[in-house]
Amino acid sequence: MAFDIYKERIPTFFAPSERATNDELKHDIEIISQNPIIDGVMQTTGGLLAVLNEHRQIVSVNDALLKMLGCDDAKSLLGLRPGEAIDCIYAEEMPGGCGTSKFCSTCGAAIAIVTALNGQTPQERTCALTIGKGESKKDLHFSVRSVPLLISKRKYILLFLQDITQQHQWAALQRIFFHDLSNLVMGLIGVCEMIELEKGDNRENLINRLHKMALRFSEEIAIQKALSQSDFSEYSPNLHTFSPANIFNEIKSFFERHPVATNKKLTIADIEPELMITTDPSILLRILTNMLTNAFEATADGGEVKLYLEKKDKYISFCVWNKSAIPDDVTHRIFQRHFSTKNEPGRGLGTFSMKFFGEKCLN
């Protein structure tokens, strides 16, 4: 990837698009390369490091970052911005490059860099990004620390990057796994207690229900095993023909006492009993549960969430609605792996897995 060095104004959705002139860039590189403190930091500090000029262009990188990028010559990176160097899929979205697209306003790295340039204090963020092209795309998650420096009366940024992809993914998997299995265990315990008290035909119905829940417990473990694989390739859908009404009834029971639905109304549309579909009910249930949970989280007390079907010529759509609109800057990245609007660890896998399983497993 290569970008011309220019200082003319071109459109941007977030950070300034202007770059240093060739002479300015050379001067920045010279200042940083001759600074003994920066040289010492780059030589002795572990981790991925880069120095940026006031136009967010790289003027120095350490060996660890070069190795991570698979680059032998640091000169090939000089003048590029971080997203351009790392091959972020949005770096070429706008003529201004990294930091100027509509996606960049939610990028943790871009926010940390711009905020540090505009202030005097270090900034820390996390950054979810997708790099590469075509089939070689890869999802990464970085912890980013951006430290403003004043050297020779010019402003620079010392950029620290830490790859936390694995830690974040495992935190998300644990959050999903224990949350989902905890709900299932509570359901199993409840049915077992009811079986002890019931007699006659209803007892047999409860035993059937217990059996179904135990099967779903086993299927959830299989799904979780697939989630733990970075390529999600281990899970094979378990297809059944059934009525969507059964799924809707299970969802209704699930959210009746769920904390996320407290003081909120769930409206589920009626479905014709004769309507039948063939799909993996466990995956479908997981997707719809995630959709509804997100909707409830975005709904104020007293608000309503709707679940309904839309019948098309050759297929049906499962739809979830809530009153609040998703902000424009979030809609662009909502299905990106590791991206989340919440800063808690273990977030950013729900919507990604929802889209992945819906498209790759259920077609």
Side-chain angles (χ1 to χ4, degrees), residues 1-88 90-101 104 107-125 127 142 144-161:
M1 182 186 293
F3 285 87
D4 293 330
I5 306 301
Y6 53 82
K7 207 167 183 178
E8 50 188 76
R9 234 172 234 289
I10 60 175
T12 179
F13 285 96
F14 183 58
S17 58
E18 295 83 6
R19 296 178 190 252
T21 63
N22 282 309
D23 288 341
E24 288 173 334
L25 182 62
K26 288 178 182 178
H27 188 45
D28 284 329
I29 294 170
E30 184 179 351
I31 288 173
I32 295 302
S33 64
Q34 294 178 358
N35 187 284
I37 296 176
I38 294 296
D39 183 63
V41 170
M42 300 297 272
Q43 294 292 334
T44 60
T45 304
L48 311 174
L49 299 177
V51 180
L52 313 180
N53 65 10
E54 63 179 355
H55 298 288
R56 311 186 311 285
Q57 294 169 269
I58 296 172
V59 293
S60 181
V61 294
N62 73 343
D63 291 339
L65 183 54
L66 282 176
K67 184 178 179 181
M68 181 261 178
L69 295 175
C71 183
D72 296 325
D73 184 10
K75 292 181 180 179
S76 64
L77 301 180
L78 300 180
L80 298 180
R81 289 173 176 156
E84 297 154 11
I86 206 168
D87 205 16
C88 171
Y90 301 127
E92 294 180 316
E93 195 76 19
M94 291 286 289
C98 171
T100 64
S101 80
C104 299
C107 171
I111 294 170
I113 293 168
V114 170
T115 306
L117 280 170
N118 291 332
Q120 298 180 348
T121 58
Q123 299 293 319
E124 291 190 27
R125 299 288 191 282
C127 175
F142 284 100
V144 180
R145 181 174 174 82
S146 185
V147 182
L149 303 171
L150 191 64
I151 303 174
S152 299
K153 297 182 180 180
R154 298 170 75 91
K155 200 162 194 178
Y156 298 94
I157 291 292
L158 184 58
L159 189 67
F160 295 81
L161 299 174

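Residues take their numbers from the sequence shown, with the count starting at 1.
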So which atom in [X] and which in [Y] form the shortest heavy-atom distance, rounded to 0.1 Å?
X      : Y      : answer
Phe14  : Gly99  : CB-O, 3.4 Å
Pro148 : Ala116 : CB-O, 3.6 Å
Pro16  : Thr100 : O-CG2, 4.2 Å
Thr45  : Phe160 : CG2-CE2, 4.2 Å
Pro11  : Met94  : O-CE, 3.6 Å
Ser60  : Ile32  : CB-CG2, 3.7 Å

Heavy-atom check, side chain of [X] versus side chain of [Y], under 4.5 Å:
X      : Y      : answer
Ile86  : Leu69  : yes
Leu149 : Ile38  : yes
Leu77  : Leu66  : yes
Asp28  : Arg154 : yes
Leu117 : Leu52  : no

Atom [atom1] of [X] and atom [atom2] of [Y]: how far apart are they, to the nearest 0.5 Å?
X      : Y     : atom1 : atom2 : answer
Thr44  : Asn62 : OG1   : CG    : 10.0 Å
Ser152 : His27 : OG    : NE2   : 7.0 Å
Met42  : Leu49 : CE    : CG    : 5.5 Å
His55  : Thr21 : NE2   : OG1   : 8.0 Å
Leu159 : Ile58 : CG    : CD1   : 8.5 Å

Under 3.5 Å: donor-acceptor pair, side chain of [X], backbone of [Y]:
X      : Y      : answer
Thr115 : Ala112 : no
Arg56  : Cys98  : yes
Arg19  : Leu25  : no
Gln57  : Ala20  : yes
Glu54  : Lys155 : no
Ser17  : Ile10  : yes

Asn118 atom CG: more than 12 heavy-atom contacts under 6.0 Å: yes

Over 12 non-hydrogen atoms of neighbours within 6.0 angstrom of CG in Leu150: yes

Residue among Leu161, Ile113, Ile157 satisfying side chain to side chain contact (heavy atoms under 4.5 Å, CB included) with Pro82: Ile113

